[in-house]
Amino acid sequence: MSAPRTPVTVRVPAKVNVQLAVGAARPDGFHDLANVFLAVSLFDEVTATPADTLTVTCEGPDADKVPLDRTNLAARAAEILATRAGIEPAVHLHIAKNIPVAGGMAGGSADGAAALLACDTLWGLNTPLAELLDICAELGSDVPFSLVGGAALGTGRGELLTPVGAGTFHWVFAVADGGLSTPAVFREFDRLAEAAGTEIPEPQASPALLAALASGDADALAAVLANDLQPAALSLRPQLARTLAAGVDGGALAALVSGSGPTTAFLCRDAESAEKVAAALSASGTCRATRIASSPAPGATVLPS
(Lines give C-alpha, C1' and ligand atoms only; values in the text may rest on other atoms or scores of the structure.)
Protein backbone atom coordinates (compact mmCIF):
# COMPACT_ATOMS: atom_id res chain seq x y z
CA MET A 1 0.00 0.00 0.00
CA SER A 2 1.95 2.99 -1.27
CA ALA A 3 0.51 6.47 -0.90
CA PRO A 4 1.40 9.36 -3.20
CA ARG A 5 3.43 12.12 -1.60
CA THR A 6 1.93 14.88 -3.69
CA PRO A 7 -1.42 16.50 -2.84
CA VAL A 8 -4.57 14.96 -4.34
CA THR A 9 -7.33 17.21 -5.71
CA VAL A 10 -10.85 15.94 -6.35
CA ARG A 11 -13.50 17.86 -8.30
CA VAL A 12 -17.13 17.24 -7.30
CA PRO A 13 -20.45 18.54 -8.72
CA ALA A 14 -23.49 20.28 -7.29
CA LYS A 15 -26.90 18.70 -7.78
CA VAL A 16 -30.44 19.67 -8.59
CA ASN A 17 -33.46 17.54 -7.71
CA VAL A 18 -35.73 17.33 -10.74
CA GLN A 19 -38.18 15.39 -8.61
CA LEU A 20 -38.23 15.37 -4.81
CA ALA A 21 -41.16 13.33 -3.49
CA VAL A 22 -41.30 13.30 0.31
CA GLY A 23 -43.08 10.77 2.47
CA ALA A 24 -44.30 11.11 6.04
CA ALA A 25 -41.80 11.42 8.89
CA ARG A 26 -40.34 8.05 9.97
CA PRO A 27 -39.82 7.04 13.62
CA ASP A 28 -36.12 7.94 13.25
CA GLY A 29 -37.06 11.48 12.21
CA PHE A 30 -36.05 11.04 8.57
CA HIS A 31 -38.47 10.92 5.64
CA ASP A 32 -38.65 8.32 2.89
CA LEU A 33 -37.91 9.97 -0.45
CA ALA A 34 -38.15 9.41 -4.17
CA ASN A 35 -35.37 11.78 -5.12
CA VAL A 36 -34.33 12.13 -8.76
CA PHE A 37 -30.85 13.64 -8.64
CA LEU A 38 -29.11 15.37 -11.53
CA ALA A 39 -25.46 16.44 -11.18
CA VAL A 40 -24.77 19.87 -12.70
CA SER A 41 -21.60 21.57 -13.89
CA LEU A 42 -20.94 23.70 -10.81
CA PHE A 43 -18.00 22.22 -8.95
CA ASP A 44 -16.12 22.39 -5.67
CA GLU A 45 -12.55 21.11 -5.47
CA VAL A 46 -11.08 19.52 -2.36
CA THR A 47 -7.31 19.07 -2.05
CA ALA A 48 -5.87 16.60 0.46
CA THR A 49 -2.26 17.18 1.56
CA PRO A 50 -0.24 15.19 4.11
CA ALA A 51 -0.14 17.02 7.46
CA ASP A 52 0.59 16.46 11.14
CA THR A 53 -3.07 16.67 12.10
CA LEU A 54 -6.51 17.04 10.52
CA THR A 55 -7.21 20.64 9.46
CA VAL A 56 -9.67 22.27 7.05
CA THR A 57 -9.40 25.54 5.13
CA CYS A 58 -11.75 27.07 2.57
CA GLU A 59 -11.73 29.77 -0.10
CA GLY A 60 -14.33 31.07 -2.54
CA PRO A 61 -17.82 32.61 -2.41
CA ASP A 62 -19.31 32.46 1.11
CA ALA A 63 -16.23 30.64 2.42
CA ASP A 64 -16.77 32.43 5.73
CA LYS A 65 -19.99 30.43 6.17
CA VAL A 66 -18.23 27.05 5.87
CA PRO A 67 -17.37 25.40 9.22
CA LEU A 68 -13.68 24.56 9.54
CA ASP A 69 -14.01 22.23 12.54
CA ARG A 70 -14.91 18.56 12.83
CA THR A 71 -18.55 19.29 11.93
CA ASN A 72 -17.48 19.85 8.31
CA LEU A 73 -18.44 16.78 6.28
CA ALA A 74 -15.01 16.81 4.61
CA ALA A 75 -13.35 16.46 8.01
CA ARG A 76 -15.81 13.78 9.10
CA ALA A 77 -15.17 11.83 5.90
CA ALA A 78 -11.42 11.83 6.59
CA GLU A 79 -12.01 10.72 10.19
CA ILE A 80 -14.33 7.84 9.30
CA LEU A 81 -12.06 6.58 6.50
CA ALA A 82 -8.98 6.78 8.72
CA THR A 83 -10.73 4.94 11.57
CA ARG A 84 -11.77 2.12 9.24
CA ALA A 85 -8.21 1.89 7.92
CA GLY A 86 -6.66 1.97 11.39
CA ILE A 87 -4.60 5.11 10.67
CA GLU A 88 -4.52 8.69 11.91
CA PRO A 89 -6.43 11.30 9.84
CA ALA A 90 -3.23 13.29 9.34
CA VAL A 91 -4.34 15.45 6.43
CA HIS A 92 -4.96 19.05 5.50
CA LEU A 93 -8.15 19.50 3.47
CA HIS A 94 -8.50 22.66 1.40
CA ILE A 95 -11.91 23.38 -0.11
CA ALA A 96 -12.12 25.62 -3.17
CA LYS A 97 -15.80 26.59 -2.92
CA ASN A 98 -17.90 27.26 -5.98
CA ILE A 99 -21.20 25.55 -5.06
CA PRO A 100 -23.60 27.85 -3.15
CA VAL A 101 -23.39 27.35 0.63
CA ALA A 102 -26.56 26.13 2.41
CA GLY A 103 -28.34 26.51 -0.91
CA GLY A 104 -30.06 23.18 -1.50
CA MET A 105 -27.42 22.04 -4.02
CA ALA A 106 -25.57 19.59 -1.73
CA GLY A 107 -22.40 21.67 -1.45
CA GLY A 108 -21.47 20.29 1.97
CA SER A 109 -22.30 16.76 0.85
CA ALA A 110 -20.16 17.26 -2.25
CA ASP A 111 -17.20 18.28 -0.09
CA GLY A 112 -17.65 15.17 2.05
CA ALA A 113 -17.60 12.92 -1.01
CA ALA A 114 -14.61 14.75 -2.50
CA ALA A 115 -12.62 14.55 0.74
CA LEU A 116 -13.38 10.86 1.03
CA LEU A 117 -12.05 10.10 -2.46
CA ALA A 118 -9.09 12.47 -2.04
CA CYS A 119 -8.02 10.87 1.27
CA ASP A 120 -8.54 7.35 -0.07
CA THR A 121 -6.24 8.22 -2.99
CA LEU A 122 -3.70 10.12 -0.85
CA TRP A 123 -3.42 7.25 1.62
CA GLY A 124 -3.31 4.57 -1.09
CA LEU A 125 -6.18 2.64 0.45
CA ASN A 126 -8.00 1.58 -2.77
CA THR A 127 -11.24 1.21 -0.83
CA PRO A 128 -13.94 -0.58 -2.88
CA LEU A 129 -16.69 1.66 -4.22
CA ALA A 130 -19.35 -0.16 -2.19
CA GLU A 131 -17.50 0.66 1.04
CA LEU A 132 -16.99 4.28 -0.01
CA LEU A 133 -20.73 4.55 -0.67
CA ASP A 134 -21.39 3.03 2.77
CA ILE A 135 -19.26 5.75 4.37
CA CYS A 136 -21.06 8.36 2.24
CA ALA A 137 -24.44 7.16 3.53
CA GLU A 138 -23.12 7.43 7.09
CA LEU A 139 -22.12 11.05 6.37
CA GLY A 140 -25.49 12.14 4.94
CA SER A 141 -28.36 11.39 2.58
CA ASP A 142 -26.98 13.36 -0.40
CA VAL A 143 -23.33 12.31 -0.08
CA PRO A 144 -23.54 9.01 -2.03
CA PHE A 145 -24.90 10.81 -5.10
CA SER A 146 -22.14 13.42 -4.89
CA LEU A 147 -19.64 10.58 -5.22
CA VAL A 148 -21.22 8.96 -8.29
CA GLY A 149 -22.80 11.96 -10.09
CA GLY A 150 -24.63 11.67 -13.39
CA ALA A 151 -28.34 11.04 -12.83
CA ALA A 152 -29.90 8.71 -10.30
CA LEU A 153 -33.03 7.90 -8.34
CA GLY A 154 -32.41 8.04 -4.60
CA THR A 155 -34.77 6.10 -2.32
CA GLY A 156 -34.80 5.41 1.41
CA ARG A 157 -33.73 8.80 2.79
CA GLY A 158 -32.06 9.42 -0.59
CA GLU A 159 -28.94 7.33 -0.06
CA LEU A 160 -30.04 4.20 -1.98
CA LEU A 161 -29.15 4.98 -5.58
CA THR A 162 -30.31 3.57 -8.91
CA PRO A 163 -28.70 5.14 -12.02
CA VAL A 164 -31.17 6.56 -14.57
CA GLY A 165 -30.76 7.83 -18.11
CA ALA A 166 -30.44 11.55 -18.79
CA GLY A 167 -30.01 13.69 -21.88
CA THR A 168 -28.33 17.10 -21.79
CA PHE A 169 -30.17 19.96 -20.10
CA HIS A 170 -29.34 23.62 -19.49
CA TRP A 171 -29.93 25.39 -16.19
CA VAL A 172 -29.70 28.73 -14.45
CA PHE A 173 -29.43 28.86 -10.66
CA ALA A 174 -30.36 31.97 -8.68
CA VAL A 175 -28.44 32.29 -5.43
CA ALA A 176 -30.43 33.84 -2.58
CA ASP A 177 -29.19 35.96 0.28
CA GLY A 178 -28.56 33.70 3.26
CA GLY A 179 -29.19 29.97 3.53
CA LEU A 180 -31.99 27.68 4.61
CA SER A 181 -31.54 24.87 7.11
CA THR A 182 -32.55 21.53 5.59
CA PRO A 183 -33.91 20.22 8.95
CA ALA A 184 -35.94 23.43 9.33
CA VAL A 185 -37.48 22.96 5.87
CA PHE A 186 -38.42 19.35 6.66
CA ARG A 187 -39.98 20.49 9.97
CA GLU A 188 -42.01 23.06 8.07
CA PHE A 189 -43.05 20.34 5.58
CA ASP A 190 -44.32 18.28 8.53
CA ARG A 191 -46.10 21.29 10.05
CA LEU A 192 -47.84 22.18 6.79
CA ALA A 193 -48.91 18.56 6.24
CA GLU A 194 -50.33 18.33 9.78
CA ALA A 195 -52.15 21.66 9.38
CA ALA A 196 -53.70 20.48 6.11
CA GLY A 197 -54.79 17.21 7.70
CA THR A 198 -54.03 15.26 4.54
CA GLU A 199 -52.42 11.84 4.43
CA ILE A 200 -48.98 11.91 2.83
CA PRO A 201 -48.66 9.23 0.13
CA GLU A 202 -45.67 6.94 -0.25
CA PRO A 203 -43.10 8.73 -2.42
CA GLN A 204 -42.82 7.35 -5.95
CA ALA A 205 -40.66 8.33 -8.90
CA SER A 206 -42.72 9.74 -11.77
CA PRO A 207 -42.52 7.52 -14.88
CA ALA A 208 -43.22 10.57 -17.05
CA LEU A 209 -40.35 12.46 -15.44
CA LEU A 210 -37.91 9.58 -15.85
CA ALA A 211 -38.92 9.26 -19.52
CA ALA A 212 -38.51 12.99 -20.12
CA LEU A 213 -35.12 12.96 -18.39
CA ALA A 214 -33.87 10.06 -20.50
CA SER A 215 -35.14 11.61 -23.76
CA GLY A 216 -33.36 14.93 -23.24
CA ASP A 217 -36.64 16.71 -24.09
CA ALA A 218 -36.53 19.98 -22.14
CA ASP A 219 -40.20 20.81 -22.77
CA ALA A 220 -41.31 17.41 -21.54
CA LEU A 221 -39.12 17.67 -18.43
CA ALA A 222 -40.36 21.21 -17.73
CA ALA A 223 -43.92 19.91 -17.54
CA VAL A 224 -43.15 17.41 -14.78
CA LEU A 225 -40.52 19.00 -12.52
CA ALA A 226 -41.67 18.62 -8.90
CA ASN A 227 -40.40 19.38 -5.41
CA ASP A 228 -42.56 18.49 -2.40
CA LEU A 229 -40.34 20.69 -0.20
CA GLN A 230 -41.04 23.81 -2.27
CA PRO A 231 -44.16 24.91 -0.30
CA ALA A 232 -42.18 24.61 2.95
CA ALA A 233 -39.24 26.58 1.54
CA LEU A 234 -41.61 29.28 0.26
CA SER A 235 -43.37 29.38 3.63
CA LEU A 236 -40.05 30.11 5.33
CA ARG A 237 -38.77 32.43 2.56
CA PRO A 238 -41.82 33.94 0.76
CA GLN A 239 -39.62 36.24 -1.33
CA LEU A 240 -38.41 33.21 -3.31
CA ALA A 241 -41.74 33.30 -5.17
CA ARG A 242 -40.63 36.56 -6.78
CA THR A 243 -37.39 34.94 -7.94
CA LEU A 244 -39.25 31.98 -9.44
CA ALA A 245 -41.62 34.31 -11.29
CA ALA A 246 -38.77 36.50 -12.57
CA GLY A 247 -37.00 33.50 -14.12
CA VAL A 248 -40.13 32.25 -15.88
CA ASP A 249 -40.92 35.77 -17.09
CA GLY A 250 -37.32 35.91 -18.37
CA GLY A 251 -37.84 32.86 -20.59
CA ALA A 252 -37.21 29.77 -18.44
CA LEU A 253 -39.28 26.73 -19.39
CA ALA A 254 -39.88 25.93 -15.72
CA ALA A 255 -38.68 26.94 -12.26
CA LEU A 256 -38.45 25.24 -8.90
CA VAL A 257 -36.71 25.51 -5.56
CA SER A 258 -33.56 23.38 -5.61
CA GLY A 259 -33.84 20.74 -2.89
CA SER A 260 -34.53 22.43 0.45
CA GLY A 261 -33.57 25.83 -1.01
CA PRO A 262 -33.11 28.71 -1.01
CA THR A 263 -31.32 28.41 -4.37
CA THR A 264 -33.86 28.35 -7.20
CA ALA A 265 -33.37 26.38 -10.43
CA PHE A 266 -34.54 27.34 -13.92
CA LEU A 267 -34.70 24.84 -16.78
CA CYS A 268 -33.87 26.47 -20.12
CA ARG A 269 -34.30 25.35 -23.71
CA ASP A 270 -30.62 25.72 -24.66
CA ALA A 271 -27.38 27.49 -23.71
CA GLU A 272 -28.41 30.73 -25.43
CA SER A 273 -31.71 30.81 -23.55
CA ALA A 274 -29.86 30.20 -20.28
CA GLU A 275 -27.77 33.33 -20.87
CA LYS A 276 -30.95 35.38 -21.39
CA VAL A 277 -32.65 33.94 -18.30
CA ALA A 278 -29.58 34.64 -16.17
CA ALA A 279 -29.52 38.24 -17.41
CA ALA A 280 -33.23 38.67 -16.65
CA LEU A 281 -32.81 37.29 -13.14
CA SER A 282 -29.83 39.55 -12.48
CA ALA A 283 -31.81 42.57 -13.67
CA SER A 284 -34.84 41.62 -11.55
CA GLY A 285 -33.08 42.30 -8.26
CA THR A 286 -34.66 39.19 -6.74
CA CYS A 287 -31.44 37.23 -6.17
CA ARG A 288 -27.84 37.80 -5.09
CA ALA A 289 -26.15 36.05 -8.03
CA THR A 290 -26.86 33.74 -10.96
CA ARG A 291 -24.99 30.68 -12.17
CA ILE A 292 -25.30 28.88 -15.50
CA ALA A 293 -24.71 25.12 -15.71
CA SER A 294 -25.51 22.04 -17.74
CA SER A 295 -26.31 18.46 -16.79
CA PRO A 296 -25.55 15.66 -16.28
CA ALA A 297 -22.05 16.09 -14.82
CA PRO A 298 -19.60 13.43 -13.62
CA GLY A 299 -19.33 12.60 -9.93
CA ALA A 300 -16.27 13.03 -7.73
CA THR A 301 -13.17 12.84 -9.95
CA VAL A 302 -9.46 12.84 -9.10
CA LEU A 303 -7.79 15.59 -11.14
CA PRO A 304 -4.41 15.07 -12.80
CA SER A 305 -1.59 16.30 -10.56
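Numbers here simply count residues along the sequence, with the first being 1.
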Enclosure of [X] [atom1] (heavy-atom neighbours >12, cutoff 6.0 Å):
X: Glu272; atom1: CD; answer: no
X: Arg288; atom1: CZ; answer: yes
X: Asp52; atom1: CG; answer: no
X: Glu59; atom1: CD; answer: yes
X: Glu88; atom1: CD; answer: no

Is there side-chain contact between [X] and [Y], with at least one heavy-atom pair below 4.5 Å?
X: Leu303; Y: Glu45; value: yes
X: Thr155; Y: Thr162; value: no
X: Leu129; Y: Leu147; value: yes
X: Ile292; Y: Phe173; value: no
X: Cys119; Y: Leu116; value: no
X: Val172; Y: Leu281; value: yes

So, are [X] and [Y] salt-bridged, with charged N and O less than 4.0 Å apart?
X: Asp111; Y: Lys97; answer: yes
X: Asp62; Y: Lys65; answer: yes
X: Arg84; Y: Glu138; answer: yes

Do [X] and [Y] meet the criterion of a side-chain donor-acceptor pair at a distance under 3.5 Å?
X: Thr57; Y: His92; answer: yes
X: Trp171; Y: Ser294; answer: no
X: Glu188; Y: Ser235; answer: yes
X: Asn35; Y: Arg157; answer: no
X: Thr301; Y: Arg11; answer: no

